[in-house]
Amino acid sequence: MAVKIRLQRHGKKNFAFFHIVVADSRSPRDGRFIEQLGSYNPNTNPATIVLNTERALAWLKVGAEPTLTARRILSYEGVLLRNHLDGGVAKGALTQEQADRKFADWKEGRDAKIEAKKQGISRAAVEKARAAKEAEVKVSEARAEALAKKAAEAAEAARKAAEEAAAAEAPAEEA
């Protein structure tokens, strides 16, 4: 029986999220599965991944093959690196402490990158809001200026009309 680590689609149309499952390769995509390892939500930025890394590593060690997308997710979470380092420990290429240190260093770097992305996204949102506010203020000032100009023109027109009416009344009084 060929076992695969793959994604199982859930959610509504155009707003999918996925369960990461271990399933027989012959079963349908959304059908029976052996074990659920976690979930993946690509609708958030950055994507939300919840994964039981110990169980995923155990399934990899017994020969489960991840699909391409599942492989990317496992790599992103460090499961494939952990499997690689454990293989090196088994062969005697490095000690368990060295492997743990390499994994911890990698995880630190990855977490820093994710945090930088989150901060960049929030900073961009703040800048976008500030730019929208400034544009709105400019539009409001332009409208206020146009209204003031229109009011001044109306007052000028009223004054001229009053002068003309007064001028027209003066000759009528003389006559």
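Below, each value reflects all heavy atoms present in this structure, side chains not excepted, and no hydrogens, waters or symmetry copies. The shown structure was predicted, so the numbers you read here are calculated from the model rather than taken from an experiment.
Of all heavy-atom pairs between Ala23 and Ser27, the closest is CB-OG, 3.8 Å. Trp106 and Glu77 get closest at one heavy-atom pair: CH2-C, 3.8 Å. The heavy-atom pair separating Val89 from Thr95 by the smallest distance is CG2-O, 3.8 Å. Across Lys13 and Arg9, no two heavy atoms sit closer than the pair CA-NH2, 4.5 Å. Between Ala16 and Pro42, the shortest heavy-atom distance links the atoms O-CD, 3.7 Å.
Within a 6.0 Å sphere centred on CZ of Arg110, heavy atoms belonging to other residues, nucleotides or ligands number more than 12. In Glu145, the CD atom is not crowded: 12 or fewer heavy atoms of neighbouring residues, nucleotides or ligands sit closer than 6.0 Å. Annotation: His10, atom NE2; neighbour count of heavy atoms from other residues, nucleotides and ligands within 6.0 Å is above 12. The number of heavy-atom neighbours closer than 6.0 Å to CZ of Arg143, taken from other residues, nucleotides and ligands shown, is 12 or below.
Rounding to the nearest 0.5 Å gives a distance of 9.0 Å between CD1 of Ile114 and NZ of Lys117. Atom-to-atom distance recorded for Leu7:CG and Leu37:CG is 10.5 Å, nearest 0.5 angstrom. From Tyr76, atom OH reaches atom CD1 of Ile49 across 5.5 Å, with rounding to the nearest 0.5 Å. For the atom pair CG (Asn41) and NE2 (His19), the distance works out to 10.0 Å, reported to the nearest 0.5 Å. Within the model, atoms CD of Glu127 and OG of Ser122 stand 10.5 Å from one another, a figure rounded to the nearest 0.5 Å. Rounded to the nearest 0.5 angstrom, Arg55 CZ and Ile5 CD1 are separated by 10.0 Å.
Between Thr48 and Phe17, every side-chain heavy-atom pair lies at or beyond the 4.5 Å cut-off. Val3 places none of its side-chain heavy atoms less than 4.5 Å from the side chain of Asp24. When side chains are defined from C-beta on, Leu60 counts as touching Leu74, because their heavy atoms get closer than 4.5 Å. Leu68 has its side chain out of reach of Arg6: every pair of non-hydrogen atoms, C-beta onward, lies at least 4.5 Å apart. The shortest distance between side-chain heavy atoms of Pro66 and Lys4 does not fall below 4.5 Å. With a 4.5 Å cut-off on side-chain heavy atoms, Leu80 and Arg71 count as touching.
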Audit row: Glu35, Val21, side-chain contact (heavy atoms from CB on, under 4.5 Å) steps and yes/no: CA-CA 6 Å; Glu35 183 179 353; Val21 297; over 6 Å; no

Residue pair Lys133, Glu136: steps toward the salt bridge (charged side-chain N to carboxylate O under 4.0 Å, His left out) verdict: CA-CA 5 Å; Lys133 179 73 172 171; Glu136 186 178 328; 5.1 Å; no

Salt bridge (charged side-chain N to carboxylate O under 4.0 Å, His left out) between Arg82 and Asp100, intermediate numbers included: CA-CA 9 Å; Arg82 189 82 232 173; Asp100 290 341; 2.8 Å; yes

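Tyr40 and Phe18 have parallel rings, their planes meeting at less than 30° on a 0 to 90° scale where 60° marks the start of perpendicular.
Asn83 places no side-chain N or O within 3.5 Å of a backbone atom of Leu57 that could act as its donor or acceptor partner.
Salt bridge absent: Glu134 and Arg130 never bring a charged side-chain N and a carboxylate O closer than 4.0 Å. Ion pairing between Lys160 and Glu163 fails under the 4.0 Å rule for side-chain N and carboxylate O. With respect to the salt-bridge test (charged N to carboxylate O, under 4.0 angstrom), the residues Asp86 and Lys61 qualify.
Residues Leu81 and Ile20 do not share a hydrophobic cluster, defined by chaining ILVMFWY side chains whose heavy atoms lie under 4.5 Å apart.
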